[in-house]
Amino acid sequence: VKTIFDFDDIFTGPVNGFEGAVDYYTRASSKQFISGIQVPTLIINAIDDPFLVPDPSPKEVRENECVTMLDPLYGGHVGFSQGIGKPSWAEPTSYTFSEAHSDYSS
């Protein structure tokens with residue numbers, strides 16, 4: 001195994017009931033559901049995420065006015081760390097987005 005694809009093709013996919021990496025990536029991807037989103041939704045996908053294809057503005061996002069996408073250059077795979085002991089910027093960003101699109105006020 002020399003790549004993540006190889007690992008997913010040999011292990012991750014089959015262990016989770018998929019035929020291999022391509023089947024796993026296709027059927028497990030949330031991308032197939034984006035066009036059906038009907039409530040304000042924030043997607044954060046770092047360009048340097050080693051597990052996801054860097055596509056800062058997929059067609060499904062551009063065509064759905066309910067979806068907002070942030071695509072920072074850095075953040076890795078669910079990282080967005082600002083340093084040891086400091087909170088990730090993703091949490092307050094998500095909270096602010098949710099608050100702005102909520103009917104609930106505290």
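Using a 4.5 Å heavy-atom cutoff, the side chains of Lys59 and Ser35 are not in contact.
Smallest separation of non-hydrogen atoms from Gln32 and Thr26: NE2-O, 3.7 Å. Of all non-hydrogen atoms in Phe5 and Ala21, the two that sit nearest each other are CE1-CB, 3.4 Å. Taking all atoms of both residues into account, the shortest heavy-atom contact from Ile44 to Pro72 is CG2-CD, 4.3 Å. Closest approach of Pro14 and Asp8 over heavy atoms only: CD-O, 3.7 Å.
Within the structure, salt bridge (Lys or Arg N to Asp or Glu O under 4.0 Å) pairs that include any residue of residues 19-30 comprise Asp23-Arg27 (at least two apart or interchain).
Note that the CG atom of Asn45 and the CG atom of Asp71 stand 7.5 Å from one another [nearest 0.5 Å]. We find the CG-OG1 distance between Asp9 and Thr3 to be 8.5 Å, quoted to the nearest 0.5 Å.
In this structure, the side chain of Asn64 engages the main chain of Ile34 through a donor-acceptor pair within 3.5 Å.
Under the 4.5 angstrom side-chain criterion for Ile, Leu, Val, Met, Phe, Trp and Tyr, the cluster partners of Phe11 are Val1, Phe7, Ile10, Val15.
No donor-acceptor contact under 3.5 angstrom links the side chains of Tyr24 and Asn16, judged on distance only. With no hydrogens or angles considered, a side-chain donor-acceptor pair links Tyr95 and Glu99 at under 3.5 Å.
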Check against side-chain contact (heavy atoms from CB on, under 4.5 Å), Cys66 and Val39: CA-CA 6 Å; Cys66 291; Val39 296; over 6 Å; no
Audit row: Leu73, Asp48, side-chain contact (heavy atoms from CB on, under 4.5 Å) steps and yes/no: CA-CA 6 Å; Leu73 291 176; Asp48 71 343; over 6 Å; no
Working for side-chain contact (heavy atoms from CB on, under 4.5 Å), residues Thr68 and Ile43: CA-CA 6 Å; Thr68 299; Ile43 297 174; over 6 Å; no
